[in-house]
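Presented below is the structure to which this report refers.
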Number of protein chains: 2
Amino acid sequence: MSTAPLRNTRQRAAVISALADAEVFKSSQEIHDDLRQRGESVGLATVYRTLQALADSGDVDVIARDGETAYRQCSPSHHHHLVCRRCHSTIEVEAPDVETWANRVASDHGFVDVTHTVEVYGLCPLCARA
Amino acid sequence: MSTAPLRNTRQRAAVISALADAEVFKSSQEIHDDLRQRGESVGLATVYRTLQALADSGDVDVIARDGETAYRQCSPSHHHHLVCRRCHSTIEVEAPDVETWANRVASDHGFVDVTHTVEVYGLCPLCARA
DNA sequence: CTGGGTGCAAACCCTTTGCAATTCG
DNA sequence: CGAATTGCAAAGGGTTTGCACCCAG
């Protein structure tokens with residue numbers, strides 16, 4: 001369990017930068033496209049590998065969107081998301097009660113090593129008008 | 001928006017039956033395997049199509065498990081799941097507080113047409129001992 | 001009869017992986 | 001220099017689809 005050795009490559013920096021600019025969750029392929037459009041082209045496989053690594057180290061948030069995995073740079077504290085199902089705009093929300101509820105429910109049934117996923121979907125004010 | 005016309009075929013009945021017997025969430029492929037083992041073989045594509053249809057009509061619960069979609073016949077009322085991440089055993093749980101929280105959070109931000117997903121994962125008592 | 005359902009295989013999509021060439025440190 | 005990283009293209013896993021055949025209504 002040694003600290004993973006990570007190199008500073010142009011590609012890694014590019015992916016992190018693209019992620020920093022993104023306001024919404026983006027899939028590996030979307031990041032790949034974004035990079036290509038700004039001329040900072042990076043191999044698709046590398047984008048996948050980099051985003052996975054970032055997610056593993058907990059530096060970015062992950063969300064399962066239909067059949068694909070999307071990533072986003074978020075605040076470091078534990079939180080959940082309110083996502084517009086149309087434009088994908090995202091708002092971070094906290095849910096202290098939900099945390100306690102999840103833990104209680106789990107321990108009530110003898111479950112250990114508990115995690116949970118909570119996502120709220122809806123139409124944001126802008127999209128709701130359309 | 002007319003009621004979808006559904007025929008009663010051997011295959012459809014077989015899938016529904018397999019699902020009824022399942023105690024845990026099962027993927028299309030798992031259902032397909034189950035059916036083959038009991039001699040009630042059904043084409044894989046048909047299993048996919050049938051499960052999708054059942055999910056669309058709200059007759060079964062859906063869960064996203066890593067890269068695949070799993071289905072389960074559940075109680076008709078709204079509820080969430082406590083799932084063992086090892087053996088996939090599942091317990092239905094209610095979360096009235098979570099429902100209200102989700103709705104409040106959403107309306108606070110002007111979101112409408114709100115839905116939410118809540119899943120709690122952990123190791124069940126049996127798997128925790130291993 | 002006749003249109004929806006089925007089965008097979010090919011097609012798809014997202015993701016992972018093998019491996020040689022490249023580059024950070 | 002040596003090991004980690006990259007890129008490409010091929011492979012993989014899950015799911016969808018085209019299309020000819022079949023069967024419930």
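By convention in this document, chain letters (A, B, ...) are assigned in the order of the sequence lines, proteins followed by strands, and residues within each chain are numbered from 1. These numbers come from the heavy atoms of this one structure, side chains and all, not from hydrogens, waters or symmetry mates.
Atom CG of D56(A) and atom C1' of dT16(C) are 14 Å apart (whole Å).
Boundaries of the chain B contact region on DNA chain D are dG14(D) to dG25(D), first to last in 5' to 3' order (nucleotide atom under 4.0 Å from a heavy atom).
Connection of L54(B) to F25(B) is not established within any shared hydrophobic cluster, with ILVMFWY side chains joined at heavy-atom distances below 4.5 Å, either directly or through further cluster members.
Looking at heavy atoms from C-beta onward, H80(B) lies in side-chain contact with E99(B) at the 4.5 angstrom threshold. In this structure, the side chains of V105(B) and L82(A) come closer than 4.5 Å at one or more pairs of heavy atoms. Using a 4.5 Å heavy-atom cutoff, the side chains of H32(A) and K26(A) are not in contact. The closest side-chain heavy-atom distance from I63(B) to V83(B) is below 4.5 Å. In this structure, the side chains of V62(A) and T69(A) come closer than 4.5 Å at one or more pairs of heavy atoms. Residues V118(A) and W101(B) form a side-chain contact, since some pair of their non-hydrogen atoms from C-beta on lies under 4.5 Å apart.
Across C124(A) and C84(A), no two heavy atoms sit closer than the pair N-SG, 3.5 Å. In terms of heavy-atom proximity, H109(A) sits nearest to I91(B) at ND1-CD1, 3.5 Å. Residue T90(A) comes nearest to V24(A) through the heavy atom pair OG1-CA, 4.4 Å, listed as atom of the first residue, atom of the second, then distance.
A salt bridge is absent between D34(A) and R38(A); no separation between the charged side-chain nitrogens and carboxylate oxygens falls under 4.0 Å. Using a 4.0 Å cut-off between a side-chain N of Lys or Arg and a carboxylate O of Asp or Glu, E92(B) and R72(B) qualify as a salt bridge.
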Nucleotides 19-25 of chain C: protein proximity per nucleotide (B base, S sugar-phosphate only, - neither; heavy atom, under 4.0 Å)
----BBS

How does protein contact run along nucleotides 9-14 of chain C, one letter per nucleotide 5' to 3', with B for base contact, S for sugar-phosphate only, - for none, heavy atoms under 4.0 Å?
-----S

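Here L123(A) sits in one hydrophobic cluster together with V112(B); the rule is ILVMFWY side chains under 4.5 Å apart, joined directly or through other members.
Of the possible donor and acceptor atoms, none in the side chain of H116(B) sits under 3.5 Å from a partner among the backbone N and O of V114(B). Using a distance-only test at 3.5 Å, with no hydrogens or angles considered, no donor-acceptor pair links the side chain of S17(B) to the main chain of A13(B).
Two end axes, each from the C1' atoms of five base pairs, can be drawn for the helix from dC1(C)-dG25(D) to dG25(C)-dC1(D); they diverge by 40°, to 10 degrees.
Of the residues in residues 31-38 of chain B, not one places a heavy atom less than 4.0 Å from an atom of DNA chain D.
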